[in-house]
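What follows is a short report on a single structure.
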Amino acid sequence: MANRIPRTPVREQDPARRATNFEEVCLGYNQEEALLEASRCLNCKIPKCQGKCPVHIDIPGFIASLATGDIAGAAKVIHKDSSLPSVCGRVCPQESQCEGACVLGIKSEPVAIGKLERFVGDWAIEHASDDAPDKAPSNGRKVAVVGSGPSGLACAADLAKLGYEVKIFEALHKVGGVLEYGIPEFRLPKERIVAKEVEAVKKLGVEIETDVIIGRTMTIDDLMDREGFDAVFIGSGAGLPRFMNIQGENLNGVFSANEFLTRTNLMHAYDDDYDTPIFAGKRAVIVGGGNVAMDAVRTAKRLGADAIIVYRRSEAELPARVEEVHHAKQEGIEFKMLTNPVAILGDDKGWVCGIECVEMELGEPDESGRRSPVVKEGSNFRIDCDVVIMALGTSPNPLIKHTTKGLETNRRGCIVASEDGATTRPGVFAGGDAVTGAATVILAMGAGRKAAAAIHSYLTPS
Ligand code: FAD
């Protein structure tokens, strides 16, 4: 019986070796492994996996095609709902979405849906045709997209297919948003995957201009009044790091995770061919427990530091993907749970020399539903370190809000938008982290696609 087959193990780089390089950790399935794993799917009448996917990919449908060896067919099924399968197969929190709902997971292990999605996505990239992509003839309408992360890329691609002239404006010198500057190479290869996804969007005729900061170089009003865009999509993400506001946060050796990861990924600080300076120290403490914290701690380790996670709740509450926590542990990362910093300690030259922490215990659940951490009085202790990296979450940058009249934001600085992305400013739509606050790639991609449909309805009223 299909469900008696154990989950097909996926090949990975050896932990000791990979902790010293930036090459991809997970090597993925080959065709034989992918087909074997696909054969485990029970093809349930009511596919709970699909219900738990934020963009409702026809999971049993693509797996059924794959199981028969029809990889092109599987790719077609996924592409109906997702424009970034190679990315999402690598970074989605499958354990709390599709795989968390897989019926096989009740008694044994769920189908490795993420790894199968990755296999199909990578196959589609390798076998991309040189033919002109399917798209409607030009309708003479122009749409501007602010930001080239997953929300902006997905919105631009869908609009281009509908015949719009689309131009993306990106503040950085490279395209891809967090996929390029945040998530490290060892989880998401830049040239092999991200650049290829960007190429596919360009192939649809989307123009991309980098080094343009909307709100500085040009405003949203300029785009609509001067540059003749009929609508704008804002997918500017949530790139503004939060700090704890504790003593010592201004010392040398304290970084936001965003800066640390941007230096390493976007500016190639790990690569000897680049001059970008980076300082990971001998012992780096990373504060936080999400994907960003895992990326920062594993990067610090690869740059030669002893790297430690300090997190104020327990392991059960860690918001990071289970696979990242598992990989971090395999790579020798130390986890200090139920621990919260109260001050960063400096030497007489203004450099970090330690961090003072308190022990925590878990109290009643808070509004997030997770048990809230409570300080154990008198439990203060010190960890010696020379680098502290804050990975406490991010908010949207207020620049666009401050320079766009009539664009409402909420108290967290997120753009207020309807379910389909319409903002309080007519003709201006928004989606992804700029609306939700820091979330996930698949939600951002889904929001970009919904907004593209809404922009189409707005510009072609019946
Ligand atoms: P972004 O990806 O942030 O892209 C926004 C783009 O807009 C950026 O390129 C930015 O430079 C540009 N921009 C901003 N302001 C302007 C402006 N004024 N003018 C022009 N351009 C502008 N999610 C997962 O699902 N799984 C993970 O494992 C995961 N790991 C993560 C690890 C890290 C380190 C980080 C930071 C995030 C991670 N996330 C993960 C979250 C995920 O990457 C984001 O939710 C997603 O990228 C949001 O997409 P977006 O398009 O809304 O914004």
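Whatever order the structure lists them in is the order used to number ligands and atoms, beginning at 1.
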Among the heavy atoms of A438, does any lie under 4.0 Å from an atom of ligand 1?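 Outside the 4.0 Å threshold, so no.
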Whether P150 lies under 4.0 Å from ligand 1, heavy atom: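 Within the 4.0 Å threshold, so yes.
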Give the residue and atom name of whichever protein heavy atom lies nearest to [atom], and the separation in Å to one decimal.
| atom | value |
| --- | --- |
| atom 2 (O) of ligand 1 | V178 N, 3.0 Å |
| atom 21 (N) of ligand 1 | A171 N, 3.1 Å |
| atom 32 (C) of ligand 1 | D295 OD2, 3.2 Å |
| atom 52 (O) of ligand 1 | D433 N, 2.9 Å |
| atom 50 (P) of ligand 1 | S151 OG, 3.6 Å |
| atom 26 (N) of ligand 1 | V91 O, 2.7 Å |
| atom 12 (C) of ligand 1 | E170 OE1, 3.4 Å |
| atom 53 (O) of ligand 1 | G237 CA, 3.4 Å |

Identify, by atom number and element, the atoms of ligand 1 in contact range of [X], meaning under 4.0 Å from any of its heavy atoms.
| X | answer |
| --- | --- |
| V292 | 33 (C), 34 (C), 35 (C), 36 (C) |
| I400 | 18 (N) |
| I183 | 29 (C), 30 (N), 31 (C), 32 (C) |
| L261 | 34 (C) |
| G432 | 52 (O) |
| F169 | 20 (C), 21 (N) |
| L172 | 11 (O) |
| G177 | 2 (O), 4 (O), 8 (C), 9 (O) |

SB check [X] [Y] (cutoff 4.0 Å):
| X | Y | value |
| --- | --- | --- |
| E209 | K167 | yes |
| E259 | R263 | yes |
| E37 | K115 | no |
| R302 | E185 | no |
| E324 | R298 | yes |
| D295 | R187 | yes |
| R90 | E197 | no |

So, applying ring-ring contact (aromatic ring centres under 6.0 Å, His included) with F429, which one of Y458, F229, F233 is it?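 When Y458, F229, F233 are each tested with F429, the ring-ring contact (aromatic ring centres under 6.0 Å, His included) holds only for Y458.
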Close N or O approach ([X], ligand 1; < 3.5 Å):
| X | answer |
| --- | --- |
| I213 | no |
| R187 | yes |
| A439 | yes |
| I442 | no |

Please work out, at 4.0 Å between heavy atoms, whether the side chain, the backbone, both, or neither of [X] comes within that distance of ligand 1.
| X | result |
| --- | --- |
| N397 | neither |
| R321 | side chain |
| V146 | side chain |
| V212 | backbone |

Residues E170, S148; criterion side-chain hydrogen bond (donor to acceptor under 3.5 Å, both in side chains); working and verdict: CA-CA 6 Å; E170 167 55 51; S148 65; 2.8 Å; yes
Axial cation check for Y181 ring with K174, 6.0 Å and 45° limits: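 Ring-cation test returns no.
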Above 12 or not: heavy atoms from other molecules or residues under 6.0 Å from NZ of K76?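 No, not enclosed.
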Please indicate whether Y274 has more than 12 foreign heavy atoms, meaning atoms of other residues, nucleotides or ligands, lying under 6.0 Å from its OH.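 No - once you tally the heavy atoms of other residues, nucleotides and ligands closer than 6.0 Å, there are 12 at most.
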Smallest separation among heavy atoms of P15 and Q330, with atom names: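 So the minimum-distance heavy-atom pair works out to CB-O, 3.5 Å.
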Tell me, do Q97 and I442 make a side-chain contact under 4.5 Å, heavy atoms counted?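 A side-chain contact under 4.5 Å exists here.
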Relative to the ring of Y270, is the ring of F22 parallel (under 30°), tilted (30 to 60°) or perpendicular (over 60°)?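 Ring orientation, 0 to 90° scale: parallel.
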Pick from S236, A296, A257: the one approaching atom 15 (N) of ligand 1 most closely through a non-hydrogen atom: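 Answer by nearest heavy atom: S236.
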Check against salt bridge (Lys or Arg N to Asp or Glu O under 4.0 Å), K282 and D386: CA-CA 7 Å; K282 290 199 175 71; D386 46 4; 5.2 Å; no
